[in-house]
Amino acid sequence: MSSSTTPLPAGNSPARVLAASLIGTTIEFFDFYVYATAAVLIFPKLFFPASDPTSALLQSFATFAIAFFARPIGAAIFGHFGDRIGRKATLVAALMTMGVSTVLIGLLPGYETIGVAAPLLLALCRLGQGLGLGGEWGGAVLLATENAPPGKQAWYGMFPQLGAPIGFILANGSFLALDHMMTNEQFLNWGWRLPFIVSAALVLVGLYVRLKVTETPAFNKAVQHNERVRAPMLAVLREHPGALLLGSIGSMATFVLFYLMTVFCLSWGTARLGVPRDTFLPLQMLAVLFFGLGIPASAVLADRLGRLRVLIGVSLAIAAFGFLTGPMFGSGNLWLIGLYLIIGLALMGFTYGPLGTALAELFPTSVRYTGSSLTFNIGGILGASLAPYIATSLATTHGLAAVGWYLTIAALLTAAALAIAARRIASYNVAVSPAE
């Protein structure tokens with residue numbers, strides 16, 4: 001019998017579990033996206049002054065990428081403790097790491113004040129964000145899925161995934177509100193700092209909710225049966241390299257799609273297509289609503305049809321979507337740009353919703369925190385870390401159609417990896433549900 005069928009322990013109600021998994025990832029992604037938005041609008045001017053605006057933007061994107069390379073390290077560190085001492089305590093530590101790093105960014109002086117130390121400190125704080133999010137995501141997914149009743153794994157697993165669109169809307173909404181409340185000079189001088197500093201209050205709320213949750217039944221069962229391993233990361237690398245590789249490539253298109261739709265489109269749309277910032281941000285936020293709607297819809301399909309089957313189908317749809325980049329986004333027409341963002345982020349919801357559950361199911365309980373976290377975050381390196389940089393370079397030298405080809409190729413690689421993973425599971429007659 002799957003560990004997910006173990007009854008919930010006393011006091012660990014479904015509502016509390018789902019709230020804890022959702023609020024934590026919402027805060028983490030809010031912090032992460034606040035940085036992504038500032039990397040486009042603020043940091044090139046404040047931390048990377050250069051005569052060429054494109055060079056400053058690319059330097060800012062380079063610090064943006066640091067977090068994605070830090071995330072697998074965070075996954076290994078927090079995953080080790082998550083598989084050794086438990087999901088709950090590790091999730092609290094990950095949230096603290098992310099929260100402190102974000103608040104410090106809001107307090108950093110700029111290049112004009114402390115010179116080259118400013119971008120170096122910014123990069124260090126971005127490293128802390130990456131470490132925290134690397135440890136957060138896997139634990140939040142396991143908190144939900146390891147408490148799920150039979151046949152509801154994808155539905156429970158989509159709740160932490162909802163933190164991504166909610167966090168994005170809160171992050172962009174805060175910048176949009178500040179943009180309307182103050183002058184451009186005030187916003188650049190100190191207003192941009194407020195979302196980073198105010199996130200401290202959100203972290204305190206998240207910690208309160210997390211501390212009320214008890215350990216997951218699956219982890220308690222692993223402790224009772226003495227199933228924990230001494231070095232979870234080494235066990236993943238030695239015993240599950242195929243799952244790690246296929247899962248990482250199988251996550252790639254999700255990351256490429258999201259950061260093209262958000263960071264790259266915001267940058268290119270405002271700087272090159274001439275769409276005003278206060279017009280583009282609401283347009284993007286509207287499209288993110290479709291991202292959020294796609295997550296529960298895909299979870300329902302995934303529980304009925306199978307997680308990998310749904311992910312393969314959506315990956316092929318993303319590959320086809322890539323061909324719309326030049327004609328729709330490059331048109332400069334607000335209606336076509338808005339429709340392009342809506343389609344892209346709706347597809348993002350359909351691929352992101354079942355992803356956490358699917359990756360968790362590739363690994364047994366004893367290494368599931370480490371395995372799923374490493375897989376997701378290595379996928380982030382492959383798909384997201386350099387996506388804005390690569391897309392900006394491609395668009396500058398070859399046009400927006402080349403950005404679409406980049407997305408199409410990533411989606412086809414993802415579909416192939418997921419198809420191989422599905423065949424491996426079928427060949428070993430392993431049910432698509434959390435392993436014992």
Side-chain angles (χ1 to χ4, degrees), residues 33 35-45 48 50-68 168 172 252-285 287-288 291 315 317-348 351 380-414:
Y33 297 150
Y35 189 100
T37 304
V40 173
L41 303 177
I42 304 298
F43 296 158
K45 301 182 180 93
F48 304 98
S51 57
D52 178 12
T54 301
S55 298
L57 180 63
L58 291 175
Q59 290 175 47
S60 180
F61 281 164
T63 64
F64 173 79
I66 288 173
F68 291 96
F168 182 88
N172 271 20
M252 184 169 61
T254 301
F255 286 101
V256 173
L257 177 63
F258 183 76
Y259 285 96
L260 290 186
M261 294 298 101
T262 54
V263 179
F264 169 73
C265 283
L266 174 62
S267 171
W268 195 266
T270 55
R272 299 300 185 93
L273 300 180
V275 181
R277 183 174 64 197
D278 58 358
T279 298
F280 199 95
L281 285 176
L283 200 62
Q284 208 170 44
M285 289 173 64
V288 170
F291 174 21
S315 297
I318 294 170
F321 171 72
F323 292 101
L324 301 179
T325 302
M328 294 186 71
F329 184 65
S331 69
N333 181 290
L334 278 180
W335 289 100
L336 289 177
I337 291 173
L339 182 59
Y340 174 79
L341 293 174
I342 287 172
I343 295 171
L345 285 167
L347 288 172
M348 176 65 197
T351 187
I381 289 181
L382 297 175
S385 61
L386 297 177
Y389 187 99
I390 292 172
T392 301
S393 299
L394 286 173
T396 301
T397 55
H398 302 290
L400 285 171
V403 178
W405 276 99
Y406 169 45
L407 176 60
T408 296
I409 292 170
L412 291 176
L413 288 173
T414 288

What is the distance from atom [atom1] of [X] to atom [atom2] of [Y], rounded to the nearest 0.5 Å?
X    : Y    : atom1 : atom2 : result
T325 : L260 : OG1   : CG    : 7.5 Å
Y35  : I42  : OH    : CD1   : 12.5 Å
W335 : L283 : CH2   : CG    : 9.5 Å
I342 : L347 : CD1   : CG    : 12.0 Å
L407 : L412 : CG    : CG    : 9.5 Å
F280 : M285 : CZ    : CE    : 13.0 Å

What's the shortest heavy-atom distance between [X] and [Y], and which atoms?
X    : Y    : result
A410 : V256 : CB-CG2, 4.0 Å
S60  : A39  : OG-O, 2.7 Å
A319 : A411 : N-CB, 3.5 Å
P282 : R277 : CD-O, 4.3 Å
S315 : T414 : OG-CG2, 3.4 Å
V403 : A391 : CG2-O, 3.5 Å

- Query: Which of parallel (below 30°), tilted (30 to 60°) and perpendicular (above 60°) describes F291 and F258?
  - Reply: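 Tilted, since the angle between the ring planes falls between 30° and 60°.
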- Task: Quick one: sort the F264 and F329 rings into parallel, tilted or perpendicular, breaks at 30° and 60°.
- Result: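 Geometry flag for F329 against F264: tilted rings.
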- Task: Mark yes or no for whether Q284, through its side chain, and V263, through its backbone, hold a donor-acceptor pair below 3.5 Å.
- Result: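 No: the side chain of Q284 does not pair with the backbone of V263.
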- Query: Would you say the side-chain atoms of T270 pair up with the backbone N or O of S267, donor to acceptor, closer than 3.5 Å?
  - Reply: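 Checking the backbone N and O of S267 against the side chain of T270, a donor-acceptor pair under 3.5 Å is found.
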Can you check whether [X] reaches [Y] side chain to side chain, under 4.5 Å on heavy atoms?
X    : Y    : result
T396 : W268 : yes
L257 : F321 : yes
T254 : I318 : no

- Query: Should the heavy atoms of other residues, nucleotides or ligands under 6.0 Å from OH of Y340 be counted, would the total exceed 12?
  - Reply: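 Yes.
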- Task: State which residue, out of I337, I343, L341, fulfils the side chain to side chain contact (heavy atoms under 4.5 Å, CB included) condition with L339.
- Result: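 Testing each of I337, I343, L341 against L339, the sole residue satisfying side chain to side chain contact (heavy atoms under 4.5 Å, CB included) is I343.
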